[in-house]
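Heads up, the thing below is written out as structure tokens.
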Amino acid sequence: MKHLLTLRDISTEEIQKILCRADSFSQGIRPKQYEDKIAANLFFEPSTRTQYSFNVAEVKLGMRVISFSPESSSLQKDESFYDTVKVIDSFGVDIIVIRHSENEYYKQLLGHVDAAILNGGDGTGDHPTQSLLDLMTIKQEFGGFEGLRCAIIGDIRHSRVAHTNFEIMSRLGMEVVTSGPDIYKEDRFKFVPFDEAVAESDIVMLLRVQHERHSDGKTNFSKDEYHASYGMNADRIKQMKQHAIIMHPAPFNRGVEIADEIVEGENSRIFKQMSNGVFVRMAVIERALEG
Ligand code: CP
């Protein structure tokens with residue numbers, strides 16, 4: 001069984017193999033069926049894309065799937081996160097997909113569970129399958145990675161997508177810059193003014209402001225203020241390179257970081273990213289089951 005915890009543990013060669021396999025699924029290659037295998041999807045934080053695309057991937061691979069609701073589980077009777085995962089593992093499931101608000105939650109589980117753990121997002125740490133589907137989308141668009149410039153714009157500090165993408169995109173030969181409000185920037189990443197980020201990048205990756213991770217529960221911007229200063233709109237689209245694309249891990253907030261009409265506009269690959277999420281997750285589940 002092979003866990004998928006963070007892309008930092010995986011060689012670029014293996015990442016390319018996962019992307020190739022995901023691409024072959026997207027082209028209709030019939031996947032091996034795992035009718036005798038069971039998947040458990042444990043989402044301790046809300047999710048639509050990651051949770052349900054893992055579910056679809058598991059169904060396409062012929063697996064049986066257990067879903068889980070924290071609200072109706074014994075977490076409500078003070079059972080711990082660790083014990084909850086141990087319970088599900090003791091049932092003999094083969095893979096456990098986990099999303100949790102704690103960074104590197106998986107470290108406490110390693111050596112204590114038999115199932116392969118697939119990380120569906122840990123706090124502000126990593127979101128490996130999101131980055132893989134982002135890479136798949138970029139490769140489909142540009143044929144590779146070397147020399148491309150990606151601007152990640154928005155709430156960088158609280159974004160596990162930004163953190164994972166910065167590391168892996170740099171490793172694959174891309175130039176990655178960040179932009180957006182100063183209060184969300186991280187000094188370890190190159191930061192450029194918003195207009196420069198939009199005008200000089202091949203990929204403009206927008207992020208939602210992650211209010212749920214702001215310790216004071218407040219934001220310094222109204223929605224309109226944010227949109228006026230940092231939102232992608234029809235005027236700013238005109239500043240982009242002709243071939244440049246817009247990406248967003250979603251959920252997106254229409255009228256805040258992205259104007260309504262841009263979400264499904266011709267430069268947007270947002271729904272393509274979501275479709276690719278199923279194929280990438282099929283590839284990482286197959287990798288986990290085949291070891
Ligand atoms: N991109 C992403 O992780 O979306 P969800 O939170 O809906 O899973």
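Both counts, for ligands and for their atoms, begin at 1 and track the order of listing.
- Geometrically, ligand 1 and Ala250 share a nitrogen or oxygen pair separated by less than 3.5 Å.
- Every atom of ligand 1 with a heavy atom of Gln130 under 4.0 Å away is listed here by number and element: 1 (N), 2 (C).
- Note on ligand 1: Gly121 sits outside its first shell, no heavy atom being nearer than 4.0 Å.
- Here the side chain of Asp126 pairs no donor or acceptor atom with the backbone of Pro128 at under 3.5 angstrom.
- At the top of the distance list for atom 4 (O) of ligand 1, counting protein heavy atoms only, stands Arg49 NE, 3.0 Å.
- In this structure, the side chain of Gln33 engages the main chain of Pro31 through a donor-acceptor pair within 3.5 Å.
- In this structure a side-chain-to-backbone donor-acceptor pair under 3.5 Å is missing from Gln130 to Arg160.
- If you number the atoms of ligand 1 from 1 as listed, the ones under 4.0 Å from a heavy atom of Thr48 come out as 5 (P), 7 (O), 8 (O).
- Using a 4.0 Å heavy-atom cutoff, Glu45 is absent from the residues neighbouring ligand 1.
- Atoms of ligand 1 found under 4.0 Å from any heavy atom of His127 (numbered from 1 in listed order, with element): 2 (C), 3 (O).
- Take Phe54 and apply the ring-ring contact (aromatic ring centres under 6.0 Å, His included) test, not counting sequence neighbours, and it matches no residue.
- Among protein heavy atoms, the minimum distance from atom 6 (O) of ligand 1 is reached at Arg99 NH1, 2.8 Å.
- Using a 4.0 Å cut-off between a side-chain N of Lys or Arg and a carboxylate O of Asp or Glu, Glu290 and Lys2 do not qualify as a salt bridge.
- No side-chain N or O of Asp134 forms a donor-acceptor pair with one of Ser131 less than 3.5 Å apart.
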